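This is a predicted model, so every value here is computed, not measured.
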Amino acid sequence: MKSLIILWMLFSSIAIFSSCTNIIQASNGNVTKVGKATNKKDSVLIELIKLWGLDQGIRNNNIFHDSEYLGYVKISKIDSFCFERAISLIRKYGWPTEQTVGDFYEYEETHALSPILLHSPHRLKNDSIYQLLKGEVIAKRLKPESLALFLDKYYVTYEKRSLYNSPFKVWTPAKGVLLKDKHLSDSLMKDIGLSPLPDSIYKK
């Protein structure tokens, strides 16, 4: 079973890669073909599109026809694969920015890392991963609000509480940040460069 999943991912990656080796760049209405990736920008762009295809493709297409449980197991394995590739990309190139991917920054495919991290929030509790992403915030490549969103997904999913007051708070019983968590919330927010939440936000 595992080998079939890996094989499927391999073929998917090859197909997406093949479609991206000739990058189409639009400028003032003129379309110019750019050859195979030969620089940092092309390399990052191609990797982002491959990851987007894997992460979103398994969710937007009904490729699993067996039980819900087995489908979840397969998606989890692909999520893990995508997460590892995403972290490797960040370590090598930093969090993708408009400067990194150029004119293609407006396309959702170049923002593939955000859904990938949100699909594996438990991995963000690893200190080396947290420090890596925090470093990207310090470098001003990743917005602190985005990191707060990623981290809050973990607390909402696994601890049933929100500590960053993200939109995911609606999934919690309190529908917000509890007053008893104020000290912890303040500390976590400060650690990624955000101001503490106003007192009016907290739920008793």
Side-chain angles (χ1 to χ4, degrees), residues 1-21 23 37 40-98 100-101 104-137 139 141-143 145-158 166-168 171:
M1 183 70 71
K2 182 178 180 180
S3 60
L4 290 176
I5 295 172
I6 294 175
L7 186 61
W8 178 85
M9 291 192 294
L10 177 61
F11 279 116
S12 297
S13 295
I14 291 173
I16 296 168
F17 179 80
S18 297
S19 68
C20 297
T21 50
I23 301 172
K40 173 182 176 180
K41 183 179 293 185
D42 291 353
S43 297
V44 172
L45 181 61
I46 289 175
E47 181 67 6
L48 288 172
I49 295 175
K50 288 194 293 182
L51 289 173
W52 177 269
L54 283 172
D55 180 74
Q56 296 297 307
I58 58 174
R59 290 172 167 83
N60 296 336
N61 298 288
N62 186 24
I63 61 172
F64 298 127
H65 302 285
D66 45 21
S67 72
E68 181 179 350
Y69 171 74
L70 288 178
Y72 170 78
V73 170
K74 293 173 182 177
I75 289 176
S76 295
K77 290 182 180 297
I78 295 173
D79 282 347
S80 180
F81 172 83
C82 288
F83 186 89
E84 293 294 340
R85 293 290 293 266
I87 294 302
S88 294
L89 185 147
I90 296 170
R91 291 191 189 282
K92 186 172 183 179
Y93 298 110
W95 188 270
T97 64
E98 188 170 2
T100 308
V101 298
F104 294 92
Y105 189 72
E106 63 185 270
Y107 296 99
E108 62 181 357
E109 289 83 356
T110 64
H111 299 275
L113 301 192
S114 291
I116 288 173
L117 297 191
L118 287 171
H119 291 150
S120 299
H122 59 290
R123 304 286 296 274
L124 304 179
K125 290 294 289 181
N126 180 290
D127 187 61
S128 66
I129 301 298
Y130 174 79
Q131 294 301 329
L132 172 68
L133 296 177
K134 179 181 172 181
E136 292 302 303
V137 169
R141 289 187 288 265
L142 175 62
K143 294 180 179 179
E145 294 83 3
S146 295
L147 180 53
L149 180 71
F150 305 152
L151 295 169
D152 213 32
K153 176 73 179 299
Y154 166 81
Y155 288 105
V156 169
T157 303
Y158 295 97
S166 77
F168 293 120
W171 295 358

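Judged by distance alone, with hydrogens and angles left aside, the side-chain atoms of His111 form a donor-acceptor pair with the main-chain N or O of Tyr105 at under 3.5 Å. Using a distance-only test at 3.5 Å, with no hydrogens or angles considered, a donor-acceptor pair links the side chain of Ser88 to the main chain of Glu84. A distance-only check finds no donor-acceptor pair linking the side chain of Thr97 to the backbone of Arg141 [under 3.5 Å].
Taking both residues in full, the closest heavy atoms of Pro96 and Thr110 are given as CB-O, 4.4 Å, listed atom of the first, atom of the second, then distance. Nearest heavy-atom pair, Asp55 versus Cys82, reported as atom, atom and distance to 0.1 Å: N-SG, 4.1 Å. Looking at every heavy atom in both residues, Arg91 comes nearest to Ser128 through NH2-OG, 4.0 Å. When all heavy atoms of Ile87 and Leu117 are compared, the closest pair comes out as CD1-CD2, 4.4 Å.
A distance of 10.5 Å separates CH2 in Trp171 from CG in Asp152, rounded to the nearest 0.5 Å. Between the OH atom of Tyr158 and the NZ atom of Lys153 there is a distance of 8.0 Å, given to the nearest 0.5 Å. Atoms CZ and CZ, from Phe150 and Arg123 in turn, are 15.0 Å apart once rounded to the nearest 0.5 Å. Remark: Thr100 OG1 to Leu45 CG distance equals 10.5 Å, nearest 0.5 Å. In this structure, the separation between NZ on Lys92 and NZ on Lys40 is 10.5 Å, given to the nearest 0.5 Å. Distance check: Ile116 CD1 to Leu54 CG gives 8.0 Å after rounding to the nearest 0.5 Å.
Using a 4.5 Å heavy-atom cutoff, the side chains of Leu132 and Trp95 are not in contact. Contact check for Trp52 versus Glu108: side-chain heavy atoms found under the 4.5 Å cut-off. Side-chain atoms of Leu133 and Leu151, non-hydrogen and from C-beta on, never get closer than 4.5 Å to each other. Using a 4.5 Å heavy-atom threshold, the side chains of Pro115 and Gln56 count as touching. Residues Phe83 and Ile129 are in side-chain contact: their nearest non-hydrogen atoms beyond the backbone lie under 4.5 Å apart. Asp79 is listed as a side-chain neighbour of Ile58, based on a closest heavy-atom distance under 4.5 Å. You'll find the side chain of Lys77 stays beyond 4.5 Å of the side chain of Phe81, heavy atoms only. Contact of the Pro121 side chain with the Val156 side chain is not registered, since no non-hydrogen atoms from C-beta on lie closer than 4.5 Å.
In this structure Ser120 satisfies the side chain to side chain donor-acceptor pair (under 3.5 Å) test with no other residue, sequence neighbours excluded. Under the side chain to side chain donor-acceptor pair (under 3.5 Å) criterion, Glu109 pairs with no residue, sequence neighbours left out.
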Could you check Phe168 against Leu118 for side-chain contact (heavy atoms from CB on, under 4.5 Å), going step by step and ending with a plain yes or no?
CA-CA 11 Å; Phe168 293 120; Leu118 287 171; 3.8 Å; yes

Begin with the C-alpha distance, continue with both residues' side-chain angles, and end with the deciding distance and a verdict on side-chain contact (heavy atoms from CB on, under 4.5 Å) for Leu147 and Leu124.
CA-CA 10 Å; Leu147 180 53; Leu124 304 179; 5.7 Å; no

